[in-house]
Amino acid sequence: MGKKFEFSKLFINLLFTVLSLVVILPFLLVIAVSLTDEKSLTHNGYQFIPESFSLDAYRYLLDAPDILLRAYGVTFTVTIIGALAGLLLTAMTAYVISRQDYRYNRATTFYVFFTMLFSGGLVPSYILITQYLHLKDSLLALILPILLSPFNIMVMKGFMSKIPLEIIESAKIDGAREFRIFFRIILPLSTPALATLGLLISFTYWNEWFNAMLYIDDPNKVPLQLLLVRTLNSIEFLTTNSEFTGQLGIDLSSFPNSSARMAIAVLAGGPMLVIFPFFQRFFVKGLTVGSLKG
């Protein structure tokens with residue numbers, strides 16, 4: 001019995017080790033390629049240990065550091081404000097529909113769930129943002145469209161449904177009002193779910209570029225992801241139109257094509273990879289507990 005238990009434990013450890021390597025090794029390869037000379041990539045292909053190190057890809061992307069830093073600032077601003085506001089509204093909405101003494105509990109829950117299946121579409125959203133709310137070239141145009149997610153509300157509702165109603169009733173007996181109960185009792189008890197959803201919302205805002213492409217024309221308000229997408233498109237144009245660029249006298253023989261693509265991935269995902277470990281201990285608990293009850 002003991003040997004069987006040890007074998008199963010060893011198998012699980014090996015399985016998760018392999019899964020971890022499957023996740024980590026591609027990212028290490030991306031970093032290695034971004035630091036590899038373009039000629040070495042052409043002759044030797046992708047390697048975990050570069051034969052010839054080069055920072056040309058990062059020099060190309062950081063040629064105008066003020067533009068990149070401004071894009072980082074816009075993205076950080078949108079991510080922080082959007083994550084905090086979205087998390088607060090998500091928690092408030094979920095708390096209301098998780099209360100068993102709320103008369104319209106089922107109707108409101110169905111209303112939230114219904115929006116997971118159907119949406120207004122791109123054209124009505126664009127008209128709403130630009131013609132009615134007049135948010136063209138505004139950071140609010142990057143925050144409002146994804147401020148609330150029905151999925152996040154349902155996950156938070158499942159977590160808050162586990163909080164005993166007796167705690168709320170006891171607080172009411174002691175004279176606490178609804179807002180005091182919510183901010184002083186419910187939110188502290190929901191820390192794992194808040195941390196988990198806060199991370200998911202932050203990822204959503206950090207990776208968002210499509211709304212910026214639709215609503216942002218001001219170069220001073222371009223977020224990081226859209227800037228990198230435009231850079232990637234510029235690289236694609238230069239490499240696929242070599243005859244045209246040759247006529248203009250542009251030499252692409254040493255242009256960091258593949259390494260620049262990988263450097264873009266590192267610049268785009270690096271900051272969030274640094275932040276993620278601080279939320280990891282809440283991540284699994286928040287999702288699993290929130291998924292027990294809908």
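Treat the numbers as computed from the prediction; the structure is a model and nothing was measured. Hydrogens, waters and symmetry mates play no part in the numbers below; they use all other heavy atoms, side chains included. The first residue in the sequence is number 1, and the count goes up from there.
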Do [X] and [Y] land in one hydrophobic cluster if side-chain heavy atoms of ILVMFWY residues count as linked below 4.5 Å?
{"X": "Phe114", "Y": "Met116", "answer": "yes"}
{"X": "Val112", "Y": "Val96", "answer": "no"}
{"X": "Ile129", "Y": "Phe210", "answer": "yes"}
{"X": "Phe179", "Y": "Leu89", "answer": "yes"}
{"X": "Ile146", "Y": "Val123", "answer": "yes"}

Practice item. Let me see the working for Lys172 and Ile181 under side chain to side chain contact (heavy atoms under 4.5 Å, CB included), right down to the final yes or no. Key: CA-CA 8 Å; Lys172 285 184 176 181; Ile181 294 173; 3.7 Å; yes
Any idea which heavy atoms bring [X] and [Y] closest together, and the distance?
{"X": "Arg184", "Y": "Pro188", "value": "O-CG, 3.4 Å"}
{"X": "Ile97", "Y": "Asn105", "value": "O-ND2, 2.8 Å"}
{"X": "Met154", "Y": "Thr109", "value": "CE-CG2, 3.8 Å"}
{"X": "Gln47", "Y": "Ala32", "value": "O-CB, 3.5 Å"}
{"X": "Pro145", "Y": "Asn211", "value": "CB-ND2, 3.7 Å"}
{"X": "Val33", "Y": "Ser259", "value": "O-CB, 3.4 Å"}

Enclosure of [X] [atom1] (heavy-atom neighbours >12, cutoff 6.0 Å):
{"X": "Tyr104", "atom1": "OH", "result": "no"}
{"X": "Phe183", "atom1": "CZ", "result": "yes"}
{"X": "Phe48", "atom1": "CZ", "result": "yes"}
{"X": "Ile49", "atom1": "CD1", "result": "no"}

Exercise for review: Check the pair Tyr58 / Ser34 against side-chain hydrogen bond (donor to acceptor under 3.5 Å, both in side chains), numbers first and verdict last.
Suggested key: CA-CA 8 Å; Tyr58 291 97; Ser34 70; 2.8 Å; yes
Can you find a heavy atom in the side chain of [X] that is under 4.5 Å from one in the side chain of [Y]?
{"X": "Leu148", "Y": "Thr115", "value": "no"}
{"X": "Leu25", "Y": "Leu28", "value": "yes"}
{"X": "Lys9", "Y": "Asn13", "value": "yes"}
{"X": "Met156", "Y": "Leu197", "value": "yes"}
{"X": "Leu267", "Y": "Tyr72", "value": "yes"}
{"X": "Leu87", "Y": "Ile201", "value": "yes"}
{"X": "Ser190", "Y": "Ile163", "value": "yes"}

Pairwise distance [atom1]([X]) to [atom2]([Y]) - rounded to 0.5 angstrom:
{"X": "Leu139", "Y": "Asp218", "atom1": "CG", "atom2": "CG", "answer": "9.5 Å"}
{"X": "Ile216", "Y": "Asp137", "atom1": "CD1", "atom2": "CG", "answer": "5.5 Å"}
{"X": "Thr17", "Y": "Ile12", "atom1": "OG1", "atom2": "CD1", "answer": "11.5 Å"}
{"X": "Phe27", "Y": "Leu29", "atom1": "CZ", "atom2": "CG", "answer": "11.0 Å"}
{"X": "Leu35", "Y": "Asp37", "atom1": "CG", "atom2": "CG", "answer": "11.5 Å"}
{"X": "Ile168", "Y": "Arg99", "atom1": "CD1", "atom2": "CZ", "answer": "4.5 Å"}

Exercise for review: Only one of Val222, Val74, Thr75 passes side-chain contact (heavy atoms from CB on, under 4.5 Å) with Leu227; say which it is.
Suggested key: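 Result: among Val222, Val74, Thr75, Val222 is the only option passing the side-chain contact (heavy atoms from CB on, under 4.5 Å) with Leu227.
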Exercise for review: Kindly determine whether Leu147 and Tyr205 satisfy side chain to side chain contact (heavy atoms under 4.5 Å, CB included), including the steps that lead there.
Suggested key: CA-CA 9 Å; Leu147 189 61; Tyr205 277 107; 3.6 Å; yes
Check your understanding: Charged N to carboxylate O below 4.0 Å: is that the case for Asp217 and Lys136?
Key ->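 Here Asp217 pairs with Lys136 in a salt bridge, since their nearest N and O are under 4.0 Å apart.
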Review point. Can you list the residues that meet the side-chain hydrogen bond (donor to acceptor under 3.5 Å, both in side chains) rule with Thr108, with sequence neighbours excluded?
Key: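 Scan of Thr108 (side-chain hydrogen bond (donor to acceptor under 3.5 Å, both in side chains), adjacent residues dropped) gives Tyr102.
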**Study point:** Thr36: partners by side-chain hydrogen bond (donor to acceptor under 3.5 Å, both in side chains), with sequence neighbours left out
**Key:**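 With neighbours one apart ignored, the set is empty.
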Practice item. Please name all residues satisfying salt bridge (Lys or Arg N to Asp or Glu O under 4.0 Å) with Arg70, sequence neighbours left out, ordered by chain then number. Key: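 Partners of Arg70 by the salt bridge (Lys or Arg N to Asp or Glu O under 4.0 Å) criterion come out as none, since no residue qualifies.
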Review point. Do any N or O atoms from the side chain of Thr204 and from the backbone of Leu200 form a donor-acceptor pair under 3.5 angstrom?
Key: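 Checked: pair present.
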Point to revise | Short side-chain to backbone donor-acceptor contact, Trp206 and Ala268, under 3.5 Å | key: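 Looks like yes, one N/O pair under 3.5 Å.
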Practice item. Would you check, one step at a time, whether the test side chain to side chain contact (heavy atoms under 4.5 Å, CB included) holds for Ile127 with Tyr132? Key: CA-CA 7 Å; Ile127 294 174; Tyr132 290 93; 3.7 Å; yes
Exercise for review: Could you walk me through whether Ile167 and Leu189 pass the side chain to side chain contact (heavy atoms under 4.5 Å, CB included) test, one step at a time?
Suggested key: CA-CA 11 Å; Ile167 296 179; Leu189 292 176; 4.3 Å; yes
Practice item. Take the angle between the ring planes of Tyr95 and Phe182 and call it parallel below 30°, perpendicular above 60°, tilted in between. Key: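 Tilted.
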